[in-house]
Number of protein chains: 2
Amino acid sequence: MATIKDIAKRLNISVSTVSYALNGGPRSVPEHIKEQVWAVAQELDYRPNRVARQLVTRSSDTIGIVPDHPSEDAMLGPYLQQIFNAVLNVAERRTQDVLFLSSHSGSDPNTYLNTLLDGRVDGVILIADNRSKLRELLVSRKFPHVMISAPNDGESPTFGVNNISGMIMLVDHLAELGHKKIGYLRGLSRQPDSQFREAALLERAAHYGMEIRPEWVRDGDFYSETSHRVGLEILDQRDLPTAMICFNDESAVGFMNACRDRGLKIPEDMSVVGFDNVPWIGYITPKLTTVRQPTGEIAHAAAAALLELVAGNPVTSQLFEPELIVRDSTSRPKEDKFPHA
Amino acid sequence: MATIKDIAKRLNISVSTVSYALNGGPRSVPEHIKEQVWAVAQELDYRPNRVARQLVTRSSDTIGIVPDHPSEDAMLGPYLQQIFNAVLNVAERRTQDVLFLSSHSGSDPNTYLNTLLDGRVDGVILIADNRSKLRELLVSRKFPHVMISAPNDGESPTFGVNNISGMIMLVDHLAELGHKKIGYLRGLSRQPDSQFREAALLERAAHYGMEIRPEWVRDGDFYSETSHRVGLEILDQRDLPTAMICFNDESAVGFMNACRDRGLKIPEDMSVVGFDNVPWIGYITPKLTTVRQPTGEIAHAAAAALLELVAGNPVTSQLFEPELIVRDSTSRPKEDKFPHA
DNA sequence: CTGTTAGCGCTTTCAA
DNA sequence: TTGAAAGCGCTAACAG
């Protein structure tokens, strides 16, 4: 493979001149030399060696995405997919590469840190909450990073959705429809997201004087199978809520299946809402009322911020507002249909 | 940042000894020296500089994924997602990175080639068909690569699904149910996949003496909106087929929506089949009969093969068999329900 | 067995 | 204005 040395030799000029000619600076090179250099480069099919350049410039033009809870099938969930897609788009526009760093070196954060500090990435987008050990290490080493999906504690630039107002929108919507008895299928309760949403739910529901019986609230995870199973348990009780708030769209699908199994019509017998507005939401029946998380915009902003950070510029955290999307899975509760009957 | 030089100086030994101690070879190092080296490394918080190593070993321990028709939202489709996920898994197990190379340098394949030859990846997985200009360049430069989703022409190691037998399974299934009148919503007709499937469909249908009227066959793309629209046009005709074969699951969803709009029950009035078995298939109603493409396995094999190739070992192409998954969107045709009526 | 040293290909400082 | 040369941090060939 041809190198700048070959080009220099061929033209009897110095490598520095070739380098400057090829890079268009910082030193100026006479136009006719430039042309010759480019011509010879073409002829020798010269391809710049990016690794050599990286070594001397100490920058890789690559950013990393680090999911803090790496799993075998990380890229199969819509959340990471949307983030990765958005990051890819902004990186591409700035001719940067993006590396998806799942967790080569096992789960020890300190070992894992090697991956980040060995020069392959200039900075990382960390998808984790604040208790992340890795985040701590990044902060203490001042390694350029931004966070997604963590509450903003001022330690790192953070980009996320306003979970609280999302939940409030949902409760308000149900309140407007006249619902008084609400059930809640929560996510993993150790997750900050879950906690914020639940707190908002309880507060807002209390505000409206809604009833949320303990037996209508159940733990789940993010999968529809679980919420299907748990949903059946809820539905097999005597008294039922008239509306169910599900932690995310997937669990809403599971719960809707449970309703179908028990012969409950949605939304007539039971209103159901989700959270997220996943990409395949248009394919499920009935169409689900949910809150859209602007995941793409969030990731977009995070990536842009990281690149600023890498370039040495200051950045500020950003909280995004979700959007209520009313579809066909919510309506007035049955007993409210004829309020004066 | 500490380097091996610092460690060497600290212990009054040579850098080569340090290097060998750290890497565990190829030269052997006395155990007690090794221990000292590791201790000092720890103490100085030494992190190996991977870029420097790359420069001398001329290998990046990174493979690339190259979608030949890069789009803004490349990672939003399930196909690339599954491929990426699988590749990530095998790469991780072999401590390799994977770079998703969408198309930085514009669409000129030759410029684009720079990206691949500048040392950042040791080889690439090309997702393209055989007419790919980029593939041609890779072949002529003997740059390590494998192909996914192209017919195997013997030029490059190729990994894909047997489209023909997939379509045959589908037609056989419909024939067994007693369908005689078949419609077909095809994909983009310039795509080799589409062509193979259509050829197989026509041949197999002829074999069974099935009727496929031209007005039951329509072009589409891969999106449900299109097939929804086109589906309505088909359904507004006088005579209808009893079963519709859709190019992929997404278009099947669109067509099923069209059926719903026209009051046709699935599968009673119309059997519908898709192709792919996308991840969210469990969420649509009625559950779709389809052919599963083992995309994950294919990508897995492709990635493993690429790593072999990079290591200098020979590899062989592989064709994967699809699998018919019968669910609730197909049944006997109506007029066949009482064959002797 | 271990230390010295020559690069890998590039950028950039320092001299001329 | 341009060339020579010093590294970047590492591996590995070579020398002792």
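Numbers restart at 1 for each chain; the letters A, B, ... are given by sequence-line order, proteins then strands.
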| request: Determine whether B:Ser149 and B:Phe159 make a side-chain contact, defined as any pair of heavy atoms from C-beta on separated by less than 4.5 Å. | output: no
| What string of B, S and - do you get for nucleotides 9-16 of chain C, 5' to 3', if B is base contact, S is sugar-phosphate-only contact and - is no contact with any protein heavy atom under 4.0 Å? | BBBBBB--
At their closest point, which heavy atom of [X] faces which heavy atom of [Y], and how far apart are they?
{"X": "A:Asn152", "Y": "A:Ser156", "result": "OD1-O, 4.0 Å"}
{"X": "A:Leu88", "Y": "B:Ser102", "result": "CG-OG, 4.1 Å"}
{"X": "A:Asp122", "Y": "A:Asp61", "result": "OD2-N, 2.9 Å"}

| request: Go through B:Leu307 and B:Val90 one step at a time and tell me if the side-chain contact (heavy atoms from CB on, under 4.5 Å) criterion holds. | output: CA-CA 9 Å; B:Leu307 291 178; B:Val90 347; 4.1 Å; yes
| task | Walking along DNA chain D from 5' to 3', note the first and the last nucleotide with an atom under 4.0 Å from a heavy atom of chain B, and give both. | result |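 It runs D:dG9 to D:dC14.
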| task | Measure the NE2-CG distance between A:His145 and A:Leu138 for me, rounded to the nearest 0.5 Å. | result |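 Here the rounded value is 5.5 Å.
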| request: Measure the spacing between CG of A:Asn85 and CG of B:Leu76 and express it to the nearest 0.5 Å. | output: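 Reported value, rounded in 0.5 Å steps: 4.5 Å.
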| field | Degree of bending, the helix from C:dC1-D:dG16 to C:dA16-D:dT1 (end axes from five pairs; round to 10°) | value | 60°
| task | Inspect the contact between B:Glu136 and B:Arg131 and indicate whether a charged nitrogen and a carboxylate oxygen are less than 4.0 angstrom apart. | result |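 Salt bridge absent between B:Arg131 and B:Glu136.
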| task | Using a strict cut-off of less than 4.0 Å between a Lys/Arg side-chain nitrogen and an Asp/Glu carboxylate oxygen, indicate whether A:Glu43 and A:Arg10 qualify as a salt bridge. | result |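 The answer is yes: the pair qualifies as a salt bridge.
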| task | State which residue, out of A:Asp97, A:Leu99, A:Thr62, fulfils the side-chain contact (heavy atoms from CB on, under 4.5 Å) condition with A:Arg120. | result |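 Going through A:Asp97, A:Leu99, A:Thr62 one by one, the side-chain contact (heavy atoms from CB on, under 4.5 Å) with A:Arg120 is satisfied by A:Leu99 alone.
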